[in-house]
Student: 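Provided herewith is a single structure, encoded as structure tokens, for subsequent inquiry.
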Amino acid sequence: MIVLDGLGDRPVLSQGYRTPLEAAVTPNMDRLSKGGLLGLIDPISPGVKPGSDVANMALLGYDPNRYYTGRGALEALGAGLVLHPGEIAFRCNFATVDHSMRVVDRRAGRIHRYTSRLSKELNRMKLESTPDLKVEFKPTVEHRAVLVFRGSGLSRMVSDPDPKAHGLKVVQSKPLEKTHEAKKTAQALNEFVRTSHEKLKHHQVNKERIERGEAPANIVLPRGPGTNPELPSFKTKFNLRASCVTGTVLIKGICRATGVQVLHVRQATGGLRTDLGAKVKSVIDSFAQSDLVFLHIKGADVASHDGDFKSKVRFLEEADGAIGKIMDEVDIAENYILVTGDHSTPVEIREHSGDPVPVAMGGPDVPSSRVTKFCEAAASRGNLGRLRGLDLMPIVTDFIGRSSKFGN
Ligand code: ZN
Ligand code: ZN
């Protein structure tokens, strides 16, 4: 099961009214579409614009309406932290603020070095407002990090201090429900953010960044509070041994929460320059011990958020090459290959949209769509019709002979 993050798009007028997938030369995905099932997936439901967290949960068969407990928790699990019941996790950015606490750069110049040195100032921070709380802070990839509050009487119902836009002031977190727990968590969060600025603004790492003309990482902005999602394991839910290849912390977190084995691929970065060859090798190596291998490839979403049509096309072509290598190794007379996306991220919007994404699946006994191109418009003429993200796993388990009968 191959998921291309942010795969779907809309036709772009300046590009001959084509989508990136239509413009891209993708012989392998086209072959899969023509010989197999082809359709469209609404990740959640038609028109609903999903985050990658809920979209990937749905593709793996977990109903986000039932199980989703906030992104922060999945990020923390993906970063290798443990979450106990009642503990609250946030995803964070190192960011740059000016003297009036206005956000100048939400990603601190995409800082990618010395964040562990900065983090030493923040990890195990003592908070005066909530002295019973333990603070755990861990940097992940580039400007990203996770924050966990451990202790009792906490709630994830608090607003984000991160204003999520440049030029706006850091926001005071507020309780989103009238409980002591939410009030306490908001208070702790505000103190953490304030103290992060005090501890980081004169830090040696930042002095050096300023000297080099780089944006200082002088504050931490948390968002997306979450609690441990308590998901039933993939093994018990589907009776399948699954493994996952990804460079993205969030996807690792979803897999850890579901007991899907995360394979370590050092060169997988989750960016546009990820080493697809290393990921493909890891996928092929894991066939023997897995019933299902989940390969998540992030690059197309990154290009989409950058609004970069050409780079999305180029990345989709690279991904197609990687998919071709996997198709070469898989005996399609005995195994299935599925390609889809977790949601659409149109390059002209630079954000996720509620559009459906194409899905194609090949393998034994799969009827052929005879549609020769893997793209949004062609997929609407496919033989699989239009489904929801949650419908995917039942279709997969039915074909591979692992579903159980409903009724008698
Ligand atoms: Zn996504
Ligand atoms: Zn995205």
Side-chain angles (χ1 to χ4, degrees), residues 1-10 19-21 40-45 47-62 64 67-68 70-75 77-78 91-93 106-107 110 140-144 160 162 164-165 223-224 226 229 244-255 257-258 260 262 268-274 276 279 294-309 311-313 315-316 318-319 338-359 376 388-390 392:
M1 185 188 285
I2 302 161
V3 173
L4 302 174
D5 205 309
L7 170 71
D9 215 299
R10 292 177 180 175
T19 68
L21 199 49
L40 285 173
I41 291 184
D42 291 295
I44 305 300
S45 57
V48 173
K49 174 165 49 180
S52 286
D53 44 13
V54 293
N56 282 283
M57 279 174 77
L59 291 178
L60 283 169
Y62 293 84
Y67 292 114
Y68 182 63
R71 169 102 176 220
L74 299 167
E75 295 276 343
L77 294 174
R91 61 194 295 222
C92 304
N93 275 9
R106 284 193 67 227
R107 301 178 186 90
R110 288 198 181 266
T140 57
V141 183
E142 295 179 340
H143 54 276
R144 303 180 190 94
D160 292 337
D162 184 349
K164 294 170 203 144
R223 65 191 195 279
C244 169
V245 175
T246 179
T248 305
V249 175
L250 165 71
I251 306 297
K252 288 181 188 173
I254 294 174
C255 290
T258 54
V260 169
V262 179
T269 60
L272 283 165
R273 285 182 297 275
T274 192
L276 287 177
K279 284 173 120 176
F294 185 77
L295 169 61
H296 171 266
I297 301 177
K298 175 80 178 161
D301 189 58
V302 178
S304 301
H305 284 292
D306 290 345
D308 190 338
F309 186 94
S311 129
K312 186 167 180 180
V313 169
F315 192 83
L316 289 172
E318 274 174 42
L338 186 151
V339 177
T340 189
D342 57 347
H343 50 76
S344 297
T345 314
V347 287
E348 289 197 308
I349 301 179
R350 297 182 172 215
E351 247 316 323
H352 302 182
S353 72
D355 303 308
V357 287
V359 55
E376 298 83 352
R388 297 188 184 200
L390 272 180
L392 196 60

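These values consider heavy atoms only, across backbone and side chains, with no hydrogens, waters or symmetry-generated copies. In this chain, residues are counted from 1 in sequence order. Remember, it's 1-based here, ligands and their atoms both numbered in the order they're listed.
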Student: Taking the N/O/S atoms of Asp5 one by one, which is nearest to the Zn ion (ligand 1)?
Tutor: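 Going by distance to the Zn ion (ligand 1), the closest N, O or S atom in Asp5 is OD1.
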
Student: Can you tell me how the ring of Tyr67 sits relative to the ring of Tyr62, calling it parallel under 30°, perpendicular over 60° and tilted otherwise?
Tutor: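 Answer is perpendicular, since the angle exceeds 60°.
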
Student: If every non-hydrogen atom of Asp53 is compared with every non-hydrogen atom of Ile254, which pair is closest and at what distance?
Tutor: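 For Asp53 versus Ile254, the nearest heavy atoms are O-CD1, 3.6 Å.
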
Student: Report whether any nitrogen, oxygen or sulfur of Thr345 sits less than 2.8 Å from the Zn ion (ligand 1) (N, O or S, backbone or side chain).
Tutor: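 For Thr345, the answer is no, given that no N, O or S atom comes within less than 2.8 Å of the Zn ion (ligand 1).
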
Student: Give me the one residue out of Leu59, Thr248, Val245 that meets side-chain contact (heavy atoms from CB on, under 4.5 Å) with His296.
Tutor: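 The passing option is Thr248.
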
Student: Tell me which N, O or S atom of Asp342 sits nearest to the Zn ion (ligand 1).
Tutor: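 This turns out to be OD2.
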
Student: Quick check: does His343 put an N/O/S atom under 2.8 Å from the Zn ion (ligand 1)?
Tutor: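 Coordinating: yes.
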
Student: Show, in sequence, the C-alpha distance, side-chain angles and deciding distance for Thr140 and Arg91, and conclude whether the side-chain contact (heavy atoms from CB on, under 4.5 Å) test is met.
Tutor: CA-CA 10 Å; Thr140 57; Arg91 61 194 295 222; over 6 Å; no

Student: Consider only side-chain N and O atoms of Asp355 and His343, and report whether a donor and an acceptor are under 3.5 Å apart.
Tutor: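 No.
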
Student: Between the Zn ion (ligand 2) and Asp301, is there an N, O or S atom separated by less than 2.8 Å?
Tutor: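 Under 2.8 Å: Asp301 contacts the Zn ion (ligand 2) through an N, O or S atom.
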
